[in-house]
Each structure stands twice: as structure tokens, then as C-alpha cells.
Protein chains: 2
Amino acid sequence: MSQAAPSLPLGSHDLRKAGLKVTRPRLRILEILEAAEPHHLSAEDVYRELLANDHDFGLATVYRVLSQFETAGIVTRHHFAGGQAVFELDTGDNHDHIVCLKSGEVAEFKDVRIEKRLKQIASELGYTLTDHRIVLYGVHQDHRDA
Amino acid sequence: MSQAAPSLPLGSHDLRKAGLKVTRPRLRILEILEAAEPHHLSAEDVYRELLANDHDFGLATVYRVLSQFETAGIVTRHHFAGGQAVFELDTGDNHDHIVCLKSGEVAEFKDVRIEKRLKQIASELGYTLTDHRIVLYGVHQDHRDA
DNA sequence: ATAAATGCAAAGACTTTGCAGCGGC
DNA sequence: GCCGCTGCAAAGTCTTTGCATTTAT
């Protein structure tokens, strides 16, 4: 009987392209990142998710894979708070973030005007802009009280 | 002979205002931060500076003092690279930073247009903006080759 | 005098690394 | 079968903390 489903799991392509072997941990981590809502997960978050649904994987592997993904441009690493790094799938749209100081929630936004202006500023200072990070800190109206 | 100089070392006022005792380590750290060029020092940087010119102070004290200063609003903590935090005197002008990916140098800039726009964006998302961080990553023209 | 600040060393949080065995290709 | 990947545990880096002593007020 013929098999209609794709012969390779989703995400394999990205891994191949990055020169990474298609392994179970890597695929699962990709899945977890894709499914994540909000998009930002710490290594521990990913690890817990793995433990909950899978056989055992090592935390070290999570860190290794996330670092490899970062190098490959598959994920982006952020340092919102301080201690822990968080990772998110790099969708290529290069959005920015706003963090609620009361609830810790992270929302996303993107603004072309700002990006244009930043590029201009960099240029005025003698830099060729490669990337940028904007993090806004504020209080969301739903958490004024807290 | 009368003494024209102020009776208290520079910086004492800021410390008092913050409810912190005026101690030698705190004054020295303030001085070091004021003199720093560029403005951004890691705890280790401050520590080395202390060791070079003073009796022995502990690295733990440096961290403690910098944290207290941060709480008091005297300094701001940044996480440009990843690993190490860097500190700079909070001059109140709330400028932003651009990091050269080749040399690691950090330059500063300030742009009111961007700040206005960010405030607006936050507001549109339902947030009251408290603070923001912008870090640009690029290559300075002097380090294209490196 | 009293409470706070310091130094030291030890502990902590987060992340990376070494190595023997397992698993894609 | 080969080379890369994984798990485990150990090491690393940066930062914080406990406690006895010193210091500012």
C-alpha cells in the first residue's frame, strides 16, 4: 500500500539545510518551539515539555540543540529578564517585544518606521546595521492593580 | 586656614538620598563609574579598577553595591553580549546603544522620534510605557575588515 | 552603641563540555 | 560502518549569600 503522508517529519528540511542530522530530540524541540504560545521558551521550559511527553532527554542536549539552532538561524536567543535566556523560532519577520512588568507576559510588535529610523541612525554613526533588539517595559492595562 | 572644598566627598549626596551609608567602597565605585570611558563596565571591570588603586575590596561587595545602586536608580544594568552584565551610571537621559560586532565597542545614541513612536506603540497595545531598551548590532566602518 | 556594610568563602543559577555509547545516513 | 549526536555527570562562568568582623552614624 502506498503511503500518502510525507516521507519526512516536518522540520527535517530546516535541519538538513543547516547541516544537522535529523534526530528525534531536534525534531521534538522544533515542534515544541512551533507550538509554543507565547513563543518564548527558556531551555528549562523546553526540557520540561520534553520530559512530559517523551522518553528521557538530557537538559544538556536541549542547550546544545538550541545553540546549534541559533547558529543556524533557526531560533533567536533573548535575554529579557536577566538570568535566563529565552528562545523563539526565528520567523524572519524580526519583530520586537514588550514585557509587562506586573505579569511578566511578553507581547510582540513590529514597526517599519522604527526600523527605518534605526538603520538611519546606525548609518549616521558609521555603522552598517546587522540586527537590533528592542524591548519595551510597561504595565498592561489588565494588570494595573496587581 | 579655611577649607573651601565641600566637607563631604562627591557622590555622598546620592548615597544618602538612596538610604545607603557613605562608605569607601561605595564612593570609589561611584568614582570609577563616573570616570569610565566608555561608560559600560562589568562588575569585574570595576573590581579590577579597585584592586589597581585601592586596598583590597571584595568582588562580592562590588556586586552588592552595584545591585544596590541599580535598585536606587543610580546605575543601569545591561546585558549586551550575553554572559556578563555591564553597568553604567544612570544619567537620566535614557540613551540607547549600538554594539560593533567586530570590535565589541559600544556607542550611545538618543533619538526622540523613536522614543515618541515607542510610547505610541505601547499605548496602542494597551501598555503604559515605563522604560525601554534598544540595542543595535552592526559593524563600524573602522572594523569592516577585522 | 547599634545597625548596616564588608570580606571571605561557600553556595547558587544557568550553561557548556568531556567522554563512552547510540543512531542517522 | 562512520561520524555525528546523545546522555550523564562534571566543570565553568557569572552572581548571590551566610557569617563573623569592621565601620558609619
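All chains are named by letter (A, B, ...) in the order of the sequence lines, taking the proteins before the strands, and each is independently numbered beginning at 1.
B:H132 places a side-chain heavy atom less than 4.5 Å from the side chain of B:D96. With contacts defined as side-chain heavy-atom distances shorter than 4.5 Å, the pair B:S12/B:L27 qualifies.
In this structure, the CG atom of B:L66 is 15 Å from the P atom of D:dC14, given to the nearest Å. Regarding B:Q84, its CD atom lies at a distance of 17 Å from the P atom of D:dG12, rounded to whole Å. If you take CZ of A:R77 and C1' of C:dC14, they are 11 Å apart, rounded to a whole angstrom. Look at CG on B:L41: it is 15 Å from P on D:dC14, rounded to the nearest Å. We find that CZ of B:F69 is positioned 9 Å from P of C:dT6, with the value rounded to whole Å. If you take OH of B:Y63 and P of D:dG18, they are 18 Å apart, rounded to a whole angstrom. The nearest whole Å value for the distance from the CZ atom in B:R16 to the C1' atom in C:dA5 is 14 Å. Per the geometry, CD belonging to B:E44 stands 13 Å off P belonging to D:dT16, to the nearest Å.
In terms of heavy-atom proximity, B:Y47 sits nearest to B:F57 at CE1-O, 3.1 Å.
For B:S67 and D:dT15, the shortest distance from a side-chain N or O to OP1 or OP2 is not below 4.0 Å.
B:R144 places no side-chain N or O within donor-acceptor distance of the main-chain N or O of B:V139, the cut-off being under 3.5 Å. One N or O on the side chain of B:S67 and one on the backbone of B:Y63 form a donor-acceptor pair closer than 3.5 Å.
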- Summarise how protein sits on nucleotides 4-11 of chain D as a single string, 5' to 3': B when a protein heavy atom is under 4.0 Å from the base, S for sugar-phosphate-only contact, - for no contact. SSBBBB--

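Residue contacts shown for B:S42 are absent, as no nucleic acid heavy atom lies under 4.0 Å away.
Inspection of the B:H39 and B:E108 side chains reveals an N or O donor paired with an N or O acceptor under 3.5 Å.
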